[in-house]
Novice: 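Sharing a structure, written as C-alpha cells. Questions coming.
What you are looking at is a predicted structure, and each value in this text was computed from that prediction instead of being measured.
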Amino acid sequence: MGLPKETADLLFGIIILFSTMYTLFIKFDGTKYIKNFIYKIKDPIFSNKIRSLKNDIWTERINIINIYKNQELKKIKEQISVFKKDLKNSKDNKLNLKMEIKELKLNYKDLKKFKISKIKNNIKDNKLKINNLNTKFALNYFDKTKLGLRKKYITSYNRITYLALDKIAEKEAYIFDIEANNHDETKVLTLKNEILSVVENHDKDVKEIYKIYKENKKNAKKYLKEVKNDFKNKKNNLKSDKENYKHNLEILKVELIKKQMEVLSKYGNNI
C-alpha cells in the first residue's frame, strides 16, 4: 500500500494503548465516587463518620513516619548505644558485647517491622470500613430513590426480553430440526406464526411496563417535591433555636433521607 514499515509498529502500539486505557476505565467507577460525594453532602452524620475514619488513616500514616519515636524502639536504641560505648572502653569481653549488640539490632528490626505491619493493618481496616459505609449508605440510598425505580424498570424489561428470546430460540430450534428432517411446511409455518406472536406479546408487555414506570416516576417526583417542601418549612422553623440549630438540622436531614428512600417501596412494587 506504499506505507512505511514503521506503520505496523505504530498501529500495534495504538492497540496496546487503548486496551490499557479500557482496562483502567473498567477499574475506575466514576459514578460510585460521584454518588458518595453527593451523599456526603446530604447526610452530615455519614460525612462525619467518613471524615473520622480518614483522619484515623492519616494519623496511622504519620505514625509510620514517626515510628522511630516509639518508646520501645527508643529503649532498644539506647541499649545499643550503651553497649557500643562499653565496647569502645572495654578491653575484655568484646565478643559478648558484639553478640549483645547484634541481638539488640535484630530485636529492633523485628519490633519495628511488627509495629509497621500493625499500623498498616489498621489503615486497611479503616479503608474497609469506609467502603462498607459507602456500600451500606451511599449506594443503598441511590438504589432506593429515583434511580432505584429506573433500575427496577431495566430489570423488568430484561426479564421480559430474556423470556421472549428463550421462547424464540426454542421454536427456531424446532424449525431447524423439521427443515433438516421431514420438511413439514405446515408445522414450520405454525412455529413461525408462534414466533411472531411471542414478538408481539413482548412488545405489548414492554410498552405496558414502560407506561407503569413513567406513571410511577411522575408520582415519585410529586412525592419527592412534597417531601422537599416539608423539609424547607421545617428548616426555616429551626432558625428560632440558634443554639441547637446545627444539631437539629442534622436530624432533619437524616429524616429527609429516610423519606426519600421510601420511593422504591412506594412506587416500585408493580414495575
Novice: Do we see a donor-acceptor contact under 3.5 Å between the side chains of D110 and N107?
Specialist: no
Novice: Could you go through the side chain to side chain contact (heavy atoms under 4.5 Å, CB included) check for H202 and I160 one step at a time?
Specialist: CA-CA 7 Å; H202 168 264; I160 292 163; 3.7 Å; yes
Novice: May I have the step-by-step check of side chain to side chain contact (heavy atoms under 4.5 Å, CB included) for K49 and K129, ending in yes or no?
Specialist: CA-CA 10 Å; K49 283 179 181 176; K129 283 176 185 176; over 6 Å; no
Novice: Kindly work out whether a path of hydrophobic side-chain contacts (I/L/V/M/F/W/Y, heavy atoms less than 4.5 Å apart) joins L252 to F137.
Specialist: no
Novice: Check the hydrophobic clustering (I, L, V, M, F, W, Y; side-chain heavy atoms under 4.5 Å; chains of links allowed) and say if V198 and Y174 are grouped together.
Specialist: yes
Novice: Determine whether a donor-acceptor pair (N or O, by modelled atom type, separation under 3.5 Å) exists between the side chain of T145 and the backbone of M261.
Specialist: no
Novice: Ignoring hydrogens and angles, tell me if any N or O in the side chain of S81 forms a donor-acceptor pair with the backbone of K77 under 3.5 Å.
Specialist: yes
Novice: Can you tell me if S52 uses its side chain to pair, donor with acceptor, with the backbone of N48 under 3.5 Å?
Specialist: no
Novice: Same cluster for I154 and V206 if Ile/Leu/Val/Met/Phe/Trp/Tyr side chains link at under 4.5 Å?
Specialist: yes
Novice: Determine whether a donor-acceptor pair (N or O, by modelled atom type, separation under 3.5 Å) exists between the side chain of K152 and the backbone of G268.
Specialist: yes
Novice: If you apply the rule side-chain hydrogen bond (donor to acceptor under 3.5 Å, both in side chains), what do you find for Y267 with E215, and how did you get there?
Specialist: CA-CA 9 Å; Y267 304 102; E215 186 64 32; over 6 Å; no
Novice: Could you tell me whether the side chain of K115 reaches within less than 4.5 Å of the side chain of E72, counting heavy atoms only?
Specialist: yes
Novice: Does atom OH of Y157 have more than 12 heavy-atom neighbours, drawn from other residues, nucleotides or ligands, at distances under 6.0 Å?
Specialist: no
Novice: Measuring from atom CD1 of I178 to atom CG of L191, what distance do you get when rounded to the nearest 0.5 angstrom?
Specialist: 5.0 Å
Novice: Would you call I119 and I67 a side-chain contact if the rule is heavy atoms closer than 4.5 Å?
Specialist: yes
Novice: With side chain to side chain contact (heavy atoms under 4.5 Å, CB included) as the test, would you mind laying out the steps for F46 and V254 before giving the verdict?
Specialist: CA-CA 9 Å; F46 169 82; V254 173; over 6 Å; no
Novice: Using only atom types and a distance under 3.5 Å, with no angle test, would you say the side chain of T190 pairs donor to acceptor with the backbone of T186?
Specialist: yes
Novice: How far apart are the C-alpha atoms of N269 and L264, what are their side-chain angles, what is the distance that settles it, and do they pass the side chain to side chain contact (heavy atoms under 4.5 Å, CB included) test?
Specialist: CA-CA 7 Å; N269 289 330; L264 191 65; over 6 Å; no
Novice: Quick check against the 3.5 Å criterion: does Y68 have a side-chain atom that pairs as donor or acceptor with the backbone of L73?
Specialist: no
Novice: Any chance you could lay out the side-chain hydrogen bond (donor to acceptor under 3.5 Å, both in side chains) test for D241 and N244, step after step, and finish with the verdict?
Specialist: CA-CA 6 Å; D241 187 5; N244 300 314; 3.1 Å; yes
Novice: Tell me if a side-chain donor or acceptor on D230 pairs with a main-chain N or O of E226 at a distance below 3.5 Å.
Specialist: no
Novice: What orientation do Y141 and Y39 show, parallel under 30°, tilted 30 to 60°, or perpendicular over 60°?
Specialist: tilted
Novice: Is it true that a side-chain atom of N66 and a backbone atom of K69 form a donor plus acceptor pair closer than 3.5 Å?
Specialist: no
Novice: Take a 6.0 Å sphere around OH of Y245 and say whether it holds more than 12 heavy atoms from other residues, nucleotides or ligands.
Specialist: yes
Novice: Would you call R150 and Y213 a side-chain contact if the rule is heavy atoms closer than 4.5 Å?
Specialist: yes
Novice: Group every Ile, Leu, Val, Met, Phe, Trp and Tyr by side-chain heavy-atom contacts under 4.5 Å, then state whether I116 and I76 land in the same group.
Specialist: yes
